[in-house]
Participant: 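Have a look at this one before I ask anything.
Just so you know, residue 1 is the first one in the sequence shown, and it goes up from there. Indexing begins at 1, ligand by ligand and atom by atom, following the structure's order.
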Amino acid sequence: MLVVTLASSSSGNCALVSGGGQNILIDAGISYRRIVSSLNALGVGPRDISAVLITHTHSDHIGGLPTLTKYISPRIFCGRGTDVTLERSIRPGGEITRLDCGADLYIGELKITPFKTSHDSPGSVGYSITSERGRFVYCTDLGIVTPEVEAAALGADAAVIESNHDLRMLQTGPYPQFLKRRIASDVGHLSNDTSAAFAGRLADSGTRRLVLAHLSKENNTPEAAYSACTDSLRKRGAERDVTVRVAPHDCIGEALIL
Ligand SMILES: [Zn+2]
Ligand SMILES: [Zn+2]
């Protein structure tokens, strides 16, 4: 199984998961044109995409979906509660399947298990994806690491987790107060420090590859996210056991290979 972020930030999110004979997107929050050019760079054609897993309906996760569904017809999966908004975003007649958290879905040989996340978008989920080579978890837009997220993520071989903002940069940055409060709230986004503590617990559970994702362009830097995470791992003596990468905002990231 191969997992690559095509874009990852508050202005657009999309990842490719290839394995078990399938090519699947997680979210489609960048333009269809960018999705196609990114896929082409990875040797994948848009018509090779069999499914799109949607985490939630904020525009940085579904902004490319209306155009995408005009050109190709992948099956679209989402959490229960997300489908009403999604129906307005796809080509009429396009197929959307609602998923129950904790229930397994098979796409080819990939087992997909959605889990609930705490975020201010109804039906917001993360995904656990298992192939015969291992298990990978994708969870961004986490206001907090809830027991459900923790239970779903611990023990995964690899994980893409949110590391959205440096709290000091957020507090002293240019955003209006209401937005700062929303981002730092339990239904907003995960700070570097909270993400780093989560990364430490993942390392303890056996996770060996981490990608820090959905970094804010205004309230974070790749260096701040990386050093918060690696400091946390170092404190646990796990820095040599776990590979940490930061997903770039606007281009293809390094592939996670399981
Ligand atoms: Zn987002
Ligand atoms: Zn969001």
Participant: Any side-chain donor-acceptor pair under 3.5 Å between K217 and S11?
Facilitator: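 The answer is yes; a qualifying pair exists.
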Participant: Applying side chain to side chain donor-acceptor pair (under 3.5 Å) to T117 and S124, what does each step give before you reach the verdict?
Facilitator: CA-CA 6 Å; T117 56; S124 176; 2.7 Å; yes
Participant: Have a look at F77 and tell me which of I96, V52, I107, I24 forms a side chain to side chain contact (heavy atoms under 4.5 Å, CB included) with it.
Facilitator: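 Of I96, V52, I107, I24, side chain to side chain contact (heavy atoms under 4.5 Å, CB included) with F77 is met by I107 alone.
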Participant: Is the Y32 ring parallel, tilted or perpendicular to the Y71 ring (thresholds 30°, 60°)?
Facilitator: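 Plane angle under 30°, so parallel.
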Participant: Under 2.8 Å from the Zn ion (ligand 1), how many protein N/O/S atoms do you get? Just the number, please.
Facilitator: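 Step by step: take the Zn ion (ligand 1), keep protein N, O, S below 2.8 Å, and you get 4.
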Participant: Look at R234 together with D231 and state whether they make a salt bridge at an N to O cut-off of under 4.0 Å.
Facilitator: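 Salt bridge: yes.
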Participant: Do the ring planes of H56 and H61 sit parallel (below 30°), tilted (30 to 60°) or perpendicular (above 60°)?
Facilitator: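 H56 and H61: tilted rings.
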